[in-house]
Amino acid sequence: MNVMAAMLIGVAGTSVIHTSKGLMKLGMQQFQRAKLDERSTRAASLIYAAGILANFTTPFWVMFANLFAPTVIYTSMYGLGLVSLLAFSRFVLHETLTRFHALGIAIIILGTLLLGAAEIVRTAPSFSITELSPLVTLTGVWMFGALVVARLSAQREVRFQEVFFGLAAGGMAALDALLKGVAQHGENGARLIPSSAVLGAVLAGSFLVAAGAFGMIQWSYLRSCRASVMGTAYDLSYVGLPVLLFAVLKPEYGLTVLNIAGLAVLAAGALVVQAAGGGRAPWIMKRVSV
């Protein structure tokens, strides 16, 4: 029952968060169109602010889900939010999406469901302070590496940047979720408020990692990356990284046939979406190299 509650929170959270990405993209587009029109500029700012506020709920969804089950249960549901982002991108942002985009996202959703089934069959253990050191080290390396590659990739084609920024931001968001899981871990079960000063510091630090993920998303929009393709890569990283880390840091958990199948299907879906992204949709936004 607790696992099912965490999964339902995951479905709700991922739908809100994915829609927020579309809102932020829409706000940026409208702002570029508004130019000196004060009324239009104000409307665009409100749309963008709504997207930011919705996106800022990201850490609280996972903190709520952590009270019911290990973090990987929540993250395994994340790919389902692509349905809301696909609909928003097609009907509101007017992105050019083909049947191959829809096929790729359907494959990713199937992979997400396989990972969810794997967690129902054999629930993963929670990360504790024992895994804190390798998690912090990986987080630092991931964030530094993402910053370096982001700076060096300014002249690369947008298709590459869409995938890179998505993977980088999704990995940061996944590490943020796992650090929160450690911070909320207690001897008698998960707690909303950390039980020690050290765990409190871990929780506070995790919000900085979440801010890094948010910044990477905004950066991708300034590079004219499509929300749908970037979001697909984001989800692949967000869902896959926790599964792999649990297998490495919790050897007794390991990888099951369903885990492996889910990750393989996720990767296949991401490749289909990336292949479908060969033709760029027309953007109103002016390309900016940052």
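Quick caveat, the model's predicted, so the values are computed rather than measured.
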Exercise. May I ask you to check whether Phe165 and Trp219 place their ring centers less than 6.0 Å from one another?
Key: yes
Exercise. Flag the pair Arg223 and Glu162 as a salt bridge only when some basic side-chain nitrogen lies within less than 4.0 angstrom of an acidic carboxylate oxygen.
Key: no
Self-check item: Pi-cation contact, Phe88 with Lys25 (under 6.0 Å, within 45°)
Solution: no
Quiz item: Distance from Leu114 atom CG to Leu263 atom CG, nearest 0.5 Å?
Solution: 10.0 Å
Quiz item: For Ile217 and Tyr234, what are the C-alpha separation, side-chain angles and deciding distance, and is it a side chain to side chain contact (heavy atoms under 4.5 Å, CB included)?
Solution: CA-CA 9 Å; Ile217 293 171; Tyr234 180 106; 3.9 Å; yes
Practice problem: Drop me the distance from Ser15's OG to Met77's CE, to the nearest 0.5 angstrom. | Solution: 11.5 Å
Practice problem: Calculate, to the nearest 0.5 Å, the distance between atoms CG and CD belonging to Leu222 and Gln218 respectively. | Solution: 7.5 Å
Self-check item: From CG (Leu53) to CE (Met24), nearest 0.5 Å
Solution: 10.5 Å
Quiz item: Does a donor on one side chain sit under 3.5 Å from an acceptor on the other, for His18 and Asp235?
Solution: yes
Quiz prompt | Separation between OG of Ser20 and CZ of Phe56, rounded to the nearest 0.5 Å | solution = 10.0 Å
Practice problem: Return the minimal non-hydrogen interatomic distance between Pro59 and Phe207, and the atom names on each side. | Solution: CB-CE2, 3.6 Å
Quiz item: How many angstroms lie between atom OH of Tyr78 and atom CG of Leu266, to the nearest 0.5 angstrom?
Solution: 13.5 Å
